[in-house]
Every structure is written in C-alpha cells, then in structure tokens.
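Values reported hereafter were calculated over all heavy atoms of this structure, with side chains retained and with hydrogens, waters and symmetry mates removed. The shown structure was predicted, so the numbers you read here are calculated from the model rather than taken from an experiment.
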Amino acid sequence: MVDDLNQAAAPVIDERTRVLHEQMFAKSGTYVFFHERNLAQLKGYFNGDAKAVMYDQLINGNRSDTEDSQLFIVDCPDVIEDLTKVIESCRPTTTVLYLYKKQLVSKIGMPDRNSYAKLFKFIRENPNINIATQLKHLSEHLHIAARTIVFMVQVFLELDFITINDRVINLNPHYAAHDLKSAPSYRLREEQLKTEKQLLVSDTHKLVKFIKDCLDS
C-alpha cells in the first residue's frame, strides 16, 4: 500500500515476463523495443493507439508522442544506459516494465581465463577445426558449454587471434597480444550482465526505485 502511494505521481509497474502474448499490447501507449528482431516478430500485434518504436527513436528527441502517456518497456536492453535515456527523454506518466528476455546471459556467465587458455591451446594444437561439425566434440573435450565456446571464439576473432574461413578455425600466425576485455563482444557481455542484475534479478522495490530515480533526475 505504501509503495502504491509512493508511485502515485509517476507510476512504475513491474510486469516482468518471460513470455509475450498479444493481450499485453492491447492498451494505448508507446511500446519501446531495444531489439529489432523482437519488434519484427510482434509488429502484427499493434494497431489503433498502441504504437511500437525502437528505443533510439525516442532518445533522439521525438518526445511529443510519449509525454503524459503510458510507456511500455517491452524487452530488456543490453546496455542499461539505453533504458535510462529513454525514461529521461520521455518522462511518461506511467511506465510498465515487461523487460522480456528469452535467455538470460547471467545463466551462462562470463568464461574464466582458464577456459580461454584451454580453448586457445586446443586451437593452436589442432588446426582446421570446423566449428559447425566439431562444436559438440570440442565442448565435451574441453568440458566447456557449447554456447560459451561460441562466445569465446567470437572474442578471439575480434582480437585477430584466429581466422575463420567457411566455418573452419585456425590460429592467426601473426596474432598480437591483446587484453580479452578489449574485444567488443567481451565488453557487451559485461554490460549485459550488469543490466540483467539491475533489471531482471532485482526485486520489485529496487526496480521501481531505480526507474523512479530516472524519472526524478
């Protein structure tokens, strides 16, 4: 009851979900997406006064349609600052949080340095690895989840540690030392973990307070 009174000026409603269905888009308002693939899959649900937009359309100053209205945050952003910019730009009367995410990155986590070292050594000692046909074997041999191997391969590729041609991985004979944290995929994973902790793992009280702080800033 106290929380309801505190939210009276600018209600923030926690409706976090792992499943999206058509009835969730029946109310009038602006439905914000952070991932184009989710918008493309759901665009058939929108008509009348329900409007679907990508988040960057709102950040870039197009506020007139969302002032004094309902703002629905449909999916979970990768970078938490994208959400805060939307909230601060729109200043909606009501903010409804669906924050849909099909698969949590936090359940996979961040590989440790030992995992990177094992994979690098295997690639160095075993040329011509076909990631499409040998991923399961590689996962079992290294005792590392297949999804984690795919992620680490992407990190290695971004740092030019390896080459990939027709899905065949080889060590780059001219690779130079780089910090793993400098890879874009590594930095994105760090941001995703931070965002999930703030938006998806936190309880309702903490989540509502975070959004209200954005509205009050």
Which atom pairs, one a donor and one an acceptor, fall under 3.5 Å between side chains of residues 149-165 and the rest of the protein, sequence neighbours left out?
{"residue": "Q154", "atom": "NE2", "partner": "E158", "partner atom": "OE2", "Å": "3.0"}
{"residue": "E158", "atom": "OE1", "partner": "S185", "partner atom": "N", "Å": "2.9"}
{"residue": "E158", "atom": "OE1", "partner": "S185", "partner atom": "OG", "Å": "3.3"}
{"residue": "E158", "atom": "OE2", "partner": "S185", "partner atom": "OG", "Å": "2.5"}

Quick one: pull up [atom1] in [X] and [atom2] in [Y] and give me the separation to the nearest 0.5 Å.
X	Y	atom1	atom2	answer
L215	L71	CG	CG	9.0 Å
F122	L171	CZ	CG	13.0 Å
L39	H35	CG	NE2	12.0 Å
K197	L199	NZ	CG	12.5 Å
I123	L119	CD1	CG	4.0 Å
I59	T84	CD1	OG1	8.0 Å

Which donor-acceptor pairs under 3.5 Å do side chains of residues 105-116 form with protein atoms, sequence neighbours excluded?
{"residue": "S106", "atom": "OG", "partner": "E196", "partner atom": "OE1", "Å": "2.7"}
{"residue": "D112", "atom": "OD1", "partner": "N114", "partner atom": "N", "Å": "3.3"}
{"residue": "D112", "atom": "OD1", "partner": "S115", "partner atom": "N", "Å": "2.8"}
{"residue": "D112", "atom": "OD1", "partner": "S115", "partner atom": "OG", "Å": "2.8"}

Count I, L, V, M, F, W, Y as connected when their side-chain heavy atoms are under 4.5 Å apart, and connections chain through other members. Are [X] and [Y] then in the same cluster?
X	Y	result
L104	V201	no
F33	L188	no
L135	F120	yes
V168	I131	no
L200	I211	yes

message: Strictly by side-chain hydrogen bond (donor to acceptor under 3.5 Å, both in side chains), give each pair with a member in residues 136-153 just once, sequence neighbours left out.
response: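 Counting only pairs at least two positions apart or across chains, the side-chain hydrogen bond (donor to acceptor under 3.5 Å, both in side chains) contacts touching residues 136-153 are Q103-R147.
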
Contacts of [X] that satisfy salt bridge (charged side-chain N to carboxylate O under 4.0 Å, His left out) - sequence neighbours left out:
X	value
E190	none
K43	none
D82	none
K206	none

Non-neighbouring partners of [X] that pass side chain to side chain contact (heavy atoms under 4.5 Å, CB included), sequence neighbours left out:
X	value
D14	R16, T204, L207
A177	none
K27	Y31, Q70, F72
E15	I13, V96, Y98

Counting neighbours of [atom1] on [X] that are heavy atoms of other residues, nucleotides or ligands and sit closer than 6.0 Å, is the number greater than 12?
X	atom1	result
Q23	CD	yes
K85	NZ	no
R18	CZ	yes
N172	CG	yes
H21	NE2	yes

For the student: nearest non-hydrogen atoms of [X] and [Y], plus distance:
X	Y	value
V19	M24	O-SD, 3.6 Å
E88	C214	CG-O, 3.5 Å
K118	L142	NZ-O, 2.7 Å

- prompt: Are any non-hydrogen side-chain atoms of R187 and K181 less than 4.5 angstrom apart?
  reply: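 SC-SC contact between R187 and K181 ruled out.
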
query: Are V74 and N38 side-chain neighbours, meaning at least one heavy-atom pair lies under 4.5 Å?
result: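 Heavy-atom side-chain distance check fails, nothing below 4.5 Å.
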
task: Verify side chain to side chain contact (heavy atoms under 4.5 Å, CB included) between L20 and D75, making sure each step is shown before the conclusion.
output: CA-CA 9 Å; L20 295 172; D75 52 5; 5.9 Å; no

message: Is it the case that the side chain of Q134 and the backbone of N130 share a donor-acceptor pair, with hydrogens and angles ignored and the cut-off at 3.5 Å?
response: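 Here the side-chain-to-backbone pair exists.
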
query: Checking S182 side chain against D179 main chain: does a donor-acceptor pair fall under 3.5 Å?
result: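 Side chain of S182 to backbone of D179: a pair is present.
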
- prompt: Who are the side chain to side chain donor-acceptor pair (under 3.5 Å) partners of D166, not counting sequence neighbours?
  reply: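 Not a single residue meets the side chain to side chain donor-acceptor pair (under 3.5 Å) criterion with D166.
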
Single hit among K194, Q192, R189 for side chain to side chain donor-acceptor pair (under 3.5 Å) with D78: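 When K194, Q192, R189 are each tested with D78, the side chain to side chain donor-acceptor pair (under 3.5 Å) holds only for Q192.
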
message: Do the side chains of D216 and K212 get close enough for a salt bridge, i.e. N-O under 4.0 angstrom?
response: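 Not counted as a salt bridge, because no side-chain N and carboxylate O are separated by less than 4.0 Å.
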
- request: Show the numbers, then the answer: is there a side chain to side chain contact (heavy atoms under 4.5 Å, CB included) between F34 and I73?
  value: CA-CA 9 Å; F34 293 91; I73 308 300; 3.7 Å; yes

